[in-house]
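Here's the structure we're looking at; comments come further down.
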Amino acid sequence: MAGIAYARFYTLPRYYPTSDTWRFYKLSVVETQLLLKSPLAFIKDLFYHGYSNSGNLFSGENTYWNDLKSNLPVKMMAIFNVLTSNSYYTNIILFNFLFLFGLVALFKVFFSIYPRKKTIIIASVFLLPSTLFWCSGIHKDGLILSAVGVTIYCFYKIVTEKYQFKHLLLILLSLTLIFSLRNYILFALLPAVISFITAEKYRNQKKRIFSCVYILGIACFFIIPSILPAINPPYYLAAKQQEFLKLTASSLVLIHPLEPTVGGFISFLPTAIDMAFLRPHINEFANVSYIPAIAENVLLIILVVLSVTHFSKQSKVPPVIMCLLAFSISVLLICGYTIPFTGAIVRYRSLVLPLLITPLLCIAEFSFARKPAK
């Protein structure tokens, strides 16, 4: 139902002309004809580009890597078209079948740690409104969230139980999918996973391990350009923001440009936090579609406050939960630094909300029972 609602939403005259999901579908119909006529050419076409070289890995314009983000979903839908006779709405079922894999994997991880919070886990993993809407459509978001879920589940099984080849294979496939669709998600995931694996071996030092890995990661982020000028992560983020600023949309937030320096990132941090965690503001009511996003934002803020105030010092937070929180916050901050559109922020944030909200609900000790009178 959510996928159908997503599709119908993007048939509205205001959104249809710039809708990626329907553009993907139209391209997939042509690709299906190529698949049926020449399967080998269909496969080769995925690795072909018309540029002089593959281009910058992080550029959002005129590179093989940027085109791959769209080409992969189109190729997948082209294959589905063979099974569904080019039916967009039937393809939604197949895409959501893949999307469900990752959510089930996440549920298994949370439920194995917090078996007494099954209802809360089901609600926060499967039923978050914005995640349901944005990730159930035919687009990249659901595939990425599913791949992240499978990756976390497989690493969790490897470090807590025993190694199995199938887990390694699923990890490689998932990481390849993440890299192909939205590579910065992979770079945000790596330090979280490294911290998680190391902290599982040295649980008494888990806070120190996470702190050291992220401090080292931030230091490398700014130092690498001095050692290898061809690799400049701060510049890539600043350039990505400029690419977004070239676009036009009614939800544009006027912000000052991000400077690719340590000082620039520090001074922009409050804006990044505001964009990533607080937009849209309560008074930022542009149209009816903002109502769910504003309501979800308010509930998220309330949840964070309640989780902090109800957190028990005696409760032990497993490394995998710390991993999910660190990864979610990292992705949101990257979005806050690069995306100046409220509408886009809401969509990109929906991808990590289950990974942020579920841990917060699980680690908090809510008790609504009345205290006995003295």
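Small disclaimer: the values here were computed from a predicted structure and weren't measured.
Looking at L360 and L306, their side chains never come closer than 4.5 Å, going by heavy atoms from C-beta outward. Side-chain contact between Y337 and T271 is absent, with no heavy atoms from C-beta onward closer than 4.5 Å. Side-chain contact between T131 and L145 is present, with heavy atoms from C-beta onward closer than 4.5 Å.
Between the N232 side chain and the Y235 main chain, a donor and an acceptor come within less than 3.5 Å of each other. Listed for the R349 side chain is a donor-acceptor partner under 3.5 Å among the backbone atoms of A276. The backbone N or O of G142 sits nowhere less than 3.5 Å from a side-chain atom of S146 that would complete a donor-acceptor pair. Listed for the S70 side chain is no donor-acceptor partner under 3.5 Å among the backbone atoms of D67. Here the side chain of N86 pairs no donor or acceptor atom with the backbone of V29 at under 3.5 angstrom. A donor-acceptor contact shorter than 3.5 Å links the side chain of T21 to the backbone of I138. Side chain of T151 to backbone of S174: no donor-acceptor contact under 3.5 angstrom is found. Distance alone, capped at 3.5 Å, places no donor-acceptor pair between the S124 side chain and the I357 backbone.
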Mind running side-chain contact (heavy atoms from CB on, under 4.5 Å) on Y348 and W134 for me, showing each step along the way?
CA-CA 9 Å; Y348 280 64; W134 292 109; over 6 Å; no
Evaluate Y114 against F110 for ring-ring contact (aromatic ring centres under 6.0 Å, His included), listing each step before the verdict.
CA-CA 6 Å; Y114 304 102; F110 287 120; 7.5 Å; no
Between F80 and F95, does a ring-ring contact (aromatic ring centres under 6.0 Å, His included) hold up when you go through it step by step?
CA-CA 9 Å; F80 292 161; F95 263 83; 5.3 Å; yes
Kindly determine whether F196 and F155 satisfy ring-ring contact (aromatic ring centres under 6.0 Å, His included), including the steps that lead there.
CA-CA 9 Å; F196 159 49; F155 273 118; 7.3 Å; no
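Remark: R182 engages D141 in a salt bridge, criterion side-chain N to carboxylate O under 4.0 Å. Taking a cutoff of 4.0 Å between a charged side-chain nitrogen and a carboxylate oxygen, E243 and K240 qualify as a salt bridge.
Within 6.0 Å of the CZ atom in R203, the count of heavy atoms belonging to other residues, nucleotides or ligands exceeds 12. By the neighbour-count criterion of 12 heavy atoms within 6.0 Å, atom OH of Y89 is densely surrounded, having more than that number from other residues, nucleotides or ligands. For I282, the CD1 atom is loosely surrounded, since the number of other residues' heavy atoms within 6.0 Å does not exceed 12.
Note: M275 CE to I255 CD1 = 6.0 Å, rounded to the nearest 0.5 Å. The NZ atom of K117 lies 13.5 Å from the CZ atom of F111; values are rounded to the nearest 0.5 Å. Here the straight-line distance linking atom CG of L100 with atom CD1 of I93 works out to 13.0 Å at 0.5 Å rounding. Atoms NZ and NZ, on K206 and K316 in that order, are 7.5 Å from each other to the nearest 0.5 Å. Separating the OH atom in Y16 from the CZ atom in F9 is a distance of 15.0 Å, to the nearest 0.5 Å. The CG atom of L189 sits 9.5 Å away from atom CG of L355, with the distance rounded to the nearest 0.5 Å.
Under 3.5 Å, the side chains of S28 and Y88 contain no donor-acceptor pair of N or O atoms. If you check the side chains of S130 and E296, you find a donor sitting under 3.5 Å from an acceptor. Checked by atom type, the side-chain pair Y184/T338 shows no donor-acceptor distance below 3.5 Å. Checking T90 against S87 by side-chain atom types alone, a donor-acceptor pair falls below 3.5 Å. Using modelled atom types and a 3.5 Å distance limit, the side chains of H281 and D274 yield a donor-acceptor pair.
The aromatic rings of F101 and F97 sit perpendicular, their planes meeting at an angle over 60°, well past the 30° parallel limit.
For an aromatic pair to be called close, the ring centres must be under 6.0 Å apart, and Y48 with Y64 fails this.
Scanning all heavy atoms of the two residues, the minimum distance from S195 to Y214 falls at OG-CE1, 3.9 Å.
Judged by the 6.0 Å distance and 45° axis criteria, K75 is positioned over the aromatic ring of F42.
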